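Computed from a predicted structure; not experimentally measured.
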Amino acid sequence: MEKLKEIARPSFRLVRDGEHYEYHQKVLKTVTPIIAKEYKMEELRLVYERYFKREEAAYMRDRAFEETKELQAADKKRDELFCFIKRTIEIMKYNPDSSIKAFWEVLDGGLEPYRNAHRKSFIENTTSVSLFLEEMADEKYLPALENLDLLKVFDLLREANDKCYQLYNERLSKKEKRSKEDKMRSLRPKVDEAFSELVKFINAIYLVSYQITKEEQVINEMETLIDKINEITREMQKSIVQRRAEVEKIKK
């Protein structure tokens, strides 16, 4: 029997506030108002968006504690190193020497998922750079990195990223952490519940279309939507695994 698609509803228990905010922001961008109107789920999306906007307001206020001079300096250094690597890889695309241009073909795929890491919030930036470093540590990239003389820069980026993570944890005192958690604790479950109701509706539309009405256009559109949301979930879960690994590494 063919396995039907469905949106997997993740556990948000280990998800940090920034990760939670980014996840739901991406889902709302995926389930657009146009899609919601077309499939009669405007009210469900509106409720979801309203709760998310309240979380967004609280989250943006809480981010102010990150903006210390020391954190800003560490973040700037980390971003400069990341952008140097990024632009070095990107410029290889236009190199007239085919042997050099080949390095772009190798490295650009590894860069692609993390290309905008420096534009994210502080902790998401840190996690994305960690994932990028992990990806580029694969042996398949080593010859290209050696030939472009980037290995030392990657070491510097790793040090800068670790420094950012350490400073963040030092700044996040027990008192501040408790205050942030108290604010978000009442908001996040409401966002998650509204998300869950929207997901149930999308899954139901797909199931009915697939098994009963056999409307090919609806099936295709819902499958695309389901795949996109599940990919957002996979990205979040991968980020959490990497973040926890980084914490354990720093503790050692």
Side-chain angles (χ1 to χ4, degrees), residues 16 18-19 21-23 25-27 29-30 32 60 63 66-168 224 227-228 230-247 249-250:
R16 285 185 168 177
E19 295 162 341
Y21 166 79
E22 189 174 272
Y23 178 84
Q25 181 186 52
K26 288 179 179 178
V27 172
K29 285 181 179 178
T30 301
T32 66
M60 290 304 178
R63 279 185 60 188
E66 298 175 2
E67 303 301 325
T68 66
K69 289 183 178 179
E70 192 175 15
L71 276 171
Q72 285 178 340
D75 187 31
K76 182 181 179 182
K77 181 178 179 180
R78 185 254 310 277
D79 287 348
E80 286 176 349
L81 288 164
F82 175 79
C83 287
F84 176 82
I85 292 171
K86 172 186 171 182
R87 287 165 188 167
T88 299
I89 294 172
E90 290 173 341
I91 201 68
M92 290 303 103
K93 180 179 181 180
Y94 307 101
N95 197 295
D97 186 334
S98 60
S99 64
I100 300 297
K101 186 174 181 177
F103 297 144
W104 167 77
E105 296 174 350
V106 173
L107 298 174
D108 194 65
L111 170 65
E112 179 57 33
Y114 317 106
R115 196 178 299 276
N116 295 315
H118 59 297
R119 294 176 181 166
K120 296 186 176 185
S121 64
F122 188 90
I123 193 62
E124 283 77 30
N125 187 349
T126 306
T127 301
S128 291
V129 170
S130 294
L131 290 169
F132 175 60
L133 288 166
E134 180 185 29
E135 171 64 28
M136 301 306 283
D138 192 292
E139 288 186 3
K140 66 183 177 183
Y141 301 117
L142 183 58
L145 296 179
E146 286 180 334
N147 278 278
L148 294 177
D149 199 23
L150 284 175
L151 290 177
K152 184 177 180 180
V153 186
F154 266 89
D155 287 340
L156 292 173
L157 177 61
R158 187 173 290 102
E159 292 174 6
N161 202 50
D162 287 346
K163 180 67 173 177
C164 285
Y165 204 98
Q166 290 167 352
L167 286 172
Y168 180 90
T224 298
D227 287 343
K228 286 181 178 179
N230 283 339
E231 180 58 30
I232 294 169
T233 299
R234 281 191 291 271
E235 288 176 0
M236 180 184 70
Q237 291 170 336
K238 184 178 179 181
S239 176
I240 293 169
V241 170
Q242 179 61 29
R243 168 170 54 75
R244 298 185 77 193
E246 288 294 317
V247 171
K249 184 179 74 174
I250 291 171

Is there a donor-acceptor pair under 3.5 Å between the side chain of T30 and the backbone N or O of K26?
-> yes

Under the 3.5 angstrom rule, does the side chain of N147 hit a backbone N or O of P143 as a donor-acceptor pair?
-> yes

Check side-chain hydrogen bond (donor to acceptor under 3.5 Å, both in side chains) between [X] and all other residues, then give those that pass, not counting sequence neighbours.
X	result
T233	Y23
R119	N116
D149	none
E231	R234

I need the [X] [atom1] to [Y] [atom2] distance, nearest 0.5 Å.
X	Y	atom1	atom2	result
I85	I89	CD1	CD1	7.0 Å
I123	R16	CD1	CZ	5.0 Å
D75	E80	CG	CD	10.0 Å
N161	Q166	CG	CD	10.5 Å

Contact list for residues 98-119, test ring pair (Phe, Tyr, Trp, His ring centres under 6.0 Å), sequence neighbours left out = F82-H118

Check the pair K140 / V106 against side-chain contact (heavy atoms from CB on, under 4.5 Å), numbers first and verdict last.
-> CA-CA 8 Å; K140 66 183 177 183; V106 173; 5.6 Å; no

Please give me the minimum heavy-atom distance between [X] and [Y], naming the atom from each residue.
X	Y	answer
S239	L131	CA-CD1, 4.1 Å
V27	I232	N-CD1, 4.0 Å
M136	Y141	CA-CD1, 3.6 Å
A74	L167	CB-CD1, 3.6 Å

With [X] via side-chain contact (heavy atoms from CB on, under 4.5 Å) - residues at least two apart:
X	answer
T224	K228
E159	L156
L142	E146, L151

Is there a side-chain contact (heavy atoms from CB on, under 4.5 Å) between L148 and M92 once you walk through the steps?
-> CA-CA 10 Å; L148 294 177; M92 290 303 103; 3.6 Å; yes

Given V129 and N125, is the side-chain contact (heavy atoms from CB on, under 4.5 Å) satisfied, shown in steps?
-> CA-CA 6 Å; V129 170; N125 187 349; 3.4 Å; yes

Are D155 and R158 close enough for a salt bridge, meaning some N to O gap below 4.0 Å?
-> yes

Cation-pi between R78 and F122: NZ/CZ under 6.0 Å from ring centre and within 45° of the ring axis?
-> yes

Are any non-hydrogen side-chain atoms of V153 and T88 less than 4.5 angstrom apart?
-> no

F154 vs L145 side-chain heavy atoms within contact, under 4.5 Å = yes

Which residues pass the salt bridge (Lys or Arg N to Asp or Glu O under 4.0 Å) test with [X], sequence neighbours left out?
X	value
E135	none
D79	none
K163	none

Is there any salt bridge (charged side-chain N to carboxylate O under 4.0 Å, His left out) pair reaching into residues 89-114, and which pairs are they, with sequence neighbours excluded?
-> E90-R115, D108-R115, E112-R115

